[in-house]
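The figures here come from the full heavy-atom set of this structure, side chains too, leaving out hydrogens, waters and symmetry mates.
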Amino acid sequence: MTRTSPVEYLVRGPVPLDVRRAGPRAPWWFAAVAAAFTLVQLVVVLPGSGLGWDETVYISQLGTGAEPAYFSAPRSRGITFLIAPVTALTSSVPALRAYLAVLSGAALFCALMVWRRLLPPAVVTLAGALFAGLWVTVFYGPQAMPNLWVALGAMCAVGCFLHAAGPDAWDRFAGGSGNASASDHGNPRTSGTHSPTAPLLGLAAAMAFIALMRPSDALWLGLPLLLAALCVRRWRRPALFAALVVGTAAGGAQWVVEAYTSYGGLGARLHRASEIQGHLGPHLAFDDQVRTLNGRTLCRPCGGPWRHPVTALWWFALPVLVAVGALAAVRDRFPARILLPTLTGLSLAVPYLLLIGYAAPRFLLPAYALLSLPAALGLTWLATAPRPGSRPLVAAVLALLLVGHLAVQYAVLSGAAKRLRESRTAFGAAAATLHRQGVRAPCVVSGPEAVRLAHRTGCTARQTTGHDRSLTEARLAALARRRPVAVVVRAGSRVPAFARDWRVRPLPPLPGLSELRVYVSPLAWAPHVKG
């Protein structure tokens, strides 16, 4: 008799939930969630929104006229490749937003379809709605940022891993016989005719996509998947390991090659990336992440009072729902399809909760996407576990709580979208001021928010200090003898020696910055310049 490990015992067993017959209507429910997700983006986030600082850096790499903004060590070029089809045709921000909104909705639909025959369609639909209903998911759907794409790629990767885990897993859960004997597990000749080639290719492609977007996230996702493949004997297949390793390596190759061509080697780039992110090490960022849930897109440093705690209630409920879902899956003998997304979701959260000393809500999007699956099962169990007579009341209470949750998320989303529109207006006014002072392409802007100011004025952003330092003050002074240069300075801050005799003018306030002054090089002075 073959000895069965506790892990394999949990993976095997009958599945009470009806996942074998997903039903023809399941894709329509998934499509409805994806369509609503896209529609909210188009209606709430897109109108009048400007570009964020990180977005501007990614977009500038495509040669929009000025020289690209400095590309710091932690960044990866995946999102730049993703938006290239649109930015090659137009510089319109609304066109870019619409493209990403539609594309993210389609990607959400595909991610849910991967799970169609792994979990009951109702659970998958609810998971999609829970994830798409978060303000941070909607807010970053139409933005040129990599985190949401990592999240959707992670859902696909984990689902494909489970499909590719073995022919018996596919046959029993996708419509074949659910009464296969223990001796049939893992035997291709007795477990059906399904070939795992498609899931393996999907797994490799998803891992490559994630690594192209954020190589570090691909590693944090791949680690628990590799451990799972090692722990379960029937998952120890060379093809499964190859899909994980080859996919991750293929996606991360560009980042590694660029480390040697532009940053002095892989070790140097990793060290610089850690330095820019505040030196990676033990940091508890739970409190910082909670503070971002009221609509703050970045919390660095993250101090001050914790306002609007109601916006974080769902964050504290999430671990409870995940635990309930995991227990329900263990009880019903299909834990692999819930514990695996749970473990991978927690793994993806580790660096942003334990290793980085600041917070941004987008960092946890991959974790939220995967944890939405056990959370949805937990909600489903809470609605169906009570006695039949009390189920309508329990369902009504849960529905009211979900409606309240969505109302809070929409309120936070509206505030974040409003600030995005105000940011566009503020940078437009500042760019107009620079234009009136003769700062026109080809030109250089340096100082606070130089990246976005340069993008709006058609200039190149160059910094002499900070994480994006790309040239010396002497080099910037030399540039000022050949083209217009504008140096933005905060009130009370040091003015570079070479710019002290330049024309100085007040600059309209920018988000989080007031009492700004701009020093304009003599080359920009012209008779048409208005004082």
Worksheet entry | Beyond-backbone contact of Gln41 with Leu46, side-chain heavy atoms, under 4.5 angstrom | no

Worksheet item: Distance-only, no hydrogens or angles: does the Ser446 side chain make a donor-acceptor pair with backbone N or O of Arg462 under 3.5 Å?
Response: yes

Response to the item:
Nearest heavy-atom contact between Leu377 and Gly325 is CD2-O, 3.4 Å

Fill in: Sequence-distant partners of Gln409, side-chain hydrogen bond (donor to acceptor under 3.5 Å, both in side chains), two or more places apart
none

Worksheet item: What's the spacing between Leu373 CG and Leu119 CG if we round to 0.5 Å?
Response: 6.0 Å

Worksheet item: So does Trp381 have more than 12 non-hydrogen atoms from other groups sitting under 6.0 Å from CH2?
Response: no

Practice prompt. Could you note down all residue pairs passing side chain to side chain donor-acceptor pair (under 3.5 Å) where residues 339-359 supplies at least one of them, sequence neighbours left out?
Written response: Arg214-Tyr352, Asp217-Tyr352

Worksheet entry | Stepwise side chain to side chain contact (heavy atoms under 4.5 Å, CB included) check, Leu354 with Phe286 | CA-CA 8 Å; Leu354 302 178; Phe286 291 90; 3.7 Å; yes

Item to complete: Provide the full list of salt bridge (Lys or Arg N to Asp or Glu O under 4.0 Å) pairs with a residue in residues 100-111, sequence neighbours left out, each pair given once.
Response: none

Discussion item. Quick check for you: to the nearest 0.5 Å, what is the distance between Ser372 atom OG and Leu126 atom CG?
Written reply: 8.5 Å

Discussion item. How close do Ala132 and Leu108 get, counting heavy atoms only, and between which atoms?
Written reply: CB-CD2, 3.9 Å

Worksheet entry | Side chain to side chain, Arg440 and Pro484, heavy atoms closer than 4.5 Å | no

Worksheet item: For Cys160, what residues pass the disulfide bond (SG atoms under 2.5 Å apart) criterion, not counting sequence neighbours?
Response: none

Practice prompt. Find the distance between CG (Leu364) and CG (Leu348) and round it off to the nearest 0.5 Å.
Written response: 9.5 Å

Worksheet item: How about Ser72 and Asp468: do any of their side-chain heavy atoms sit closer than 4.5 Å?
Response: yes

Worksheet item: Is there a side-chain contact between Ser414 and Tyr410, using heavy atoms and a 4.5 Å cut-off?
Response: yes

Worksheet entry | ring pair (Phe, Tyr, Trp, His ring centres under 6.0 Å) partners for Phe109, two or more places apart | none

Fill in: Residue pairs, two or more places apart or on separate chains, that pass salt bridge (Lys or Arg N to Asp or Glu O under 4.0 Å) and touch residues 445-461
Glu449-Arg452

Discussion item. If you count every heavy atom of other residues, nucleotides or ligands that lies below 6.0 Å from Glu422 atom CD, does the total exceed 12?
Written reply: yes

Discussion item. So Asp54 and Ile79, do their side chains get closer than 4.5 Å, heavy atoms only?
Written reply: no

Worksheet item: Say you draw a straight line from CG of Leu516 to CZ of Arg490; how long is it, rounded to the nearest 0.5 Å?
Response: 7.5 Å

Worksheet item: CZ of Arg75 to OH of Tyr70: how many Å apart, nearest 0.5 Å?
Response: 10.5 Å

Discussion item. According to side-chain hydrogen bond (donor to acceptor under 3.5 Å, both in side chains), who are the partners of Trp53, at least two apart in sequence or on a separate chain?
Written reply: none

Worksheet entry | Pairs satisfying salt bridge (Lys or Arg N to Asp or Glu O under 4.0 Å), at least one member in residues 125-144, at least two apart | none

Response to the item:
Correct closest heavy-atom pair for Leu453 and Ala430 would be CD2-CB, 3.5 Å

Worksheet item: Can you name the nearest heavy-atom pair linking Leu420 to Ser49, along with the distance?
Response: CD2-CB, 3.5 Å

Discussion item. I'd like to know if the side chain of Ser514 and the backbone of Leu510 have a donor-acceptor N/O pair within less than 3.5 Å.
Written reply: no

Item to complete: Find out whether Thr460 and Cys443 are in side-chain contact, i.e. whether some heavy atom of one side chain is under 4.5 Å from a heavy atom of the other.
Response: no

Worksheet item: Any donor and acceptor pair, going by atom type alone, linking the side chain of Ser274 with main-chain N or O of Leu280 inside 3.5 Å?
Response: yes

Worksheet item: Taking C-beta and beyond as the side chain, do Val397 and Leu401 meet within less than 4.5 Å on heavy atoms?
Response: yes

Practice prompt. With sequence neighbours left out, write down each residue that passes side-chain hydrogen bond (donor to acceptor under 3.5 Å, both in side chains) with Arg77, or none if nothing qualifies.
Written response: Gln61, Glu258

Mind listing the side-chain donor-acceptor pairs of residues 137-157 below 3.5 Å, one per line with the distance, residues two or more places apart or on another chain?
{"unit_1": "Thr137", "atom_1": "OG1", "unit_2": "Phe131", "atom_2": "O", "d": "2.8"}
{"unit_1": "Gln143", "atom_1": "NE2", "unit_2": "Phe139", "atom_2": "O", "d": "3.1"}
{"unit_1": "Asn147", "atom_1": "OD1", "unit_2": "Arg362", "atom_2": "NE", "d": "3.4"}

Discussion item. We want to know whether Gln463 and Ser470 form a side-chain donor-acceptor pair, criterion being a heavy-atom distance below 3.5 angstrom.
Written reply: no

Fill in: Atom of Pro341, atom of Trp115 and distance for their closest heavy-atom approach
CG-CH2, 3.8 Å

Item to complete: Before giving the answer on side chain to side chain contact (heavy atoms under 4.5 Å, CB included), spell out for Leu82 and Leu212 the whole-Å C-alpha distance, their side-chain angles and the decisive distance to 0.1 Å.
Response: CA-CA 10 Å; Leu82 186 70; Leu212 189 62; over 6 Å; no

Worksheet entry | Within residues 89-114 or reaching into it, pairs that qualify as salt bridge (Lys or Arg N to Asp or Glu O under 4.0 Å) - sequence neighbours excluded | Glu55-Arg97

Practice prompt. Return each pair, listed once, that meets side chain to side chain donor-acceptor pair (under 3.5 Å) where at least one residue sits in residues 289-308; pairs must be two or more places apart or across chains.
Written response: Asp287-Arg291

Worksheet item: Mind checking whether Ile83 and Leu62 have side chains closer than 4.5 Å, heavy atoms only?
Response: yes

Worksheet, complete the sentence: All heavy atoms of Trp255 vs all of Ala73, minimum pair found to be CZ2-O, 3.4 Å

Worksheet entry | Whether Arg272 side chain and Pro74 backbone form a donor-acceptor pair below 3.5 Å | no

Practice prompt. Report the C-alpha separation of Leu201 and Thr197 in whole Å, then their side-chain angles, then the decisive distance to 0.1 Å, and conclude whether the side chain to side chain contact (heavy atoms under 4.5 Å, CB included) test is met.
Written response: CA-CA 6 Å; Leu201 292 176; Thr197 301; 4.0 Å; yes

Item to complete: Determine, step by step, whether Val136 and Val412 satisfy the side chain to side chain contact (heavy atoms under 4.5 Å, CB included) criterion, reporting the C-alpha distance in whole Å, the side-chain angles of both residues, the deciding distance to 0.1 Å, and the verdict.
Response: CA-CA 9 Å; Val136 63; Val412 176; over 6 Å; no

Fill in: Residues, nucleotides or ligands: over 12 heavy atoms within 6.0 Å of Trp29 CH2
no

Worksheet entry | Point-to-point distance, once rounded to the nearest 0.5 Å, from CG of Leu225 to CG of Leu203 | 7.0 Å

